[in-house]
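Note that the numbering runs from 1 along the sequence shown for the chain. In this text, all values refer to a predicted model and were calculated from it rather than measured experimentally. Just so you know, ligand 1 is whichever comes first in the structure, and atom 1 is the first atom listed for that ligand.
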Amino acid sequence: MRILVVEDEHKIANSIKKGLELENFAVDVLYDGSEGFDFASSEDYDAIILDLMLPGIDGVTITRLLRQKNIHTPILMLTAKGQVEDRVTGLDSGADDYLTKPFSFNELLARLRALLRRPKKADGRILKVGDLTLDTVTYEVKREDKIIKLSGREYALLEYLMRHRSQVVTKEQIISHVWNYDADILPNTVEVFIGYLRNKIDRVNDGPHLIKTVRGFGYKITGEGE
Ligand code: CA
């Protein structure tokens, strides 16, 4: 899952980035409201963590402009203590949730996960395709009952595929949701990582292969007869 963080306090922004990367998210950080708005409206993010008071354009205006452009990426707004009025304005403008500074990273993570679950309510904590399961909280991946060890990037790729089970996803979609903006990723890299995943997921038991190549389009993950 790819997250945009727009926050002008470098220390906070960088610690959010570091924390989220440890949790297998791809993260882009911008310290300025105008740049943040540009990225939020041109790149495909799964969620945005948006500070309220920003140089350039403030968080409420960014939210309003995005919603006007029909961009409904979930937004978690960060506010300073005492900005109750602003918080209300923020939610009214179309933000999905807010968090008051100072906050614990664990709370940020919990709220972010809740937002990421929201669009598709069917997605609970455990994603399942055939006998493959992925626990989005403990990061445990299993085929039947056998635990499969994945690298952070392999996990992120698998989670993205599983959140779109039975749908074809293109290499471009994969690149823009699994890697951040700074990562210079070529379509070949996606093939390489799909290969790693297949070795770990599909070539471990006699069960059906779940990751399918859709020639000329991309990939999809499906169970038998799904
Ligand atoms: Ca600020």
So, are Asp97 and Arg111 salt-bridged, with charged N and O less than 4.0 Å apart?
-> yes
List-wise, which protein N, O or S atoms are found short of 3.0 Å from the Ca ion (ligand 1)?
-> Asp8 OD1, Asp51 OD2, Met53 O
From Arg163 atom CZ to Met1 atom CE, the distance as rounded to the nearest 0.5 Å = 5.0 Å
Could you tabulate the donor-acceptor pairs under 3.5 Å formed by side-chain atoms of residues 31-40, not counting sequence neighbours?
unit_1	atom_1	unit_2	atom_2	d
Tyr31	OH	Asn14	OD1	2.8
Asp32	OD1	Ser34	N	2.9
Asp32	OD1	Glu35	N	3.0

Kindly say whether Ile221 contributes a backbone atom to a donor-acceptor pair with the side chain of Lys212 at under 3.5 angstrom?
-> no
Which other residues belong to the hydrophobic cluster containing Val214, where Ile, Leu, Val, Met, Phe, Trp and Tyr are joined when side-chain heavy atoms lie under 4.5 Å apart, directly or via other members?
-> Val168, Phe217
Would you please name every residue forming a salt bridge (Lys or Arg N to Asp or Glu O under 4.0 Å) with Lys142, sequence neighbours left out?
-> Glu140
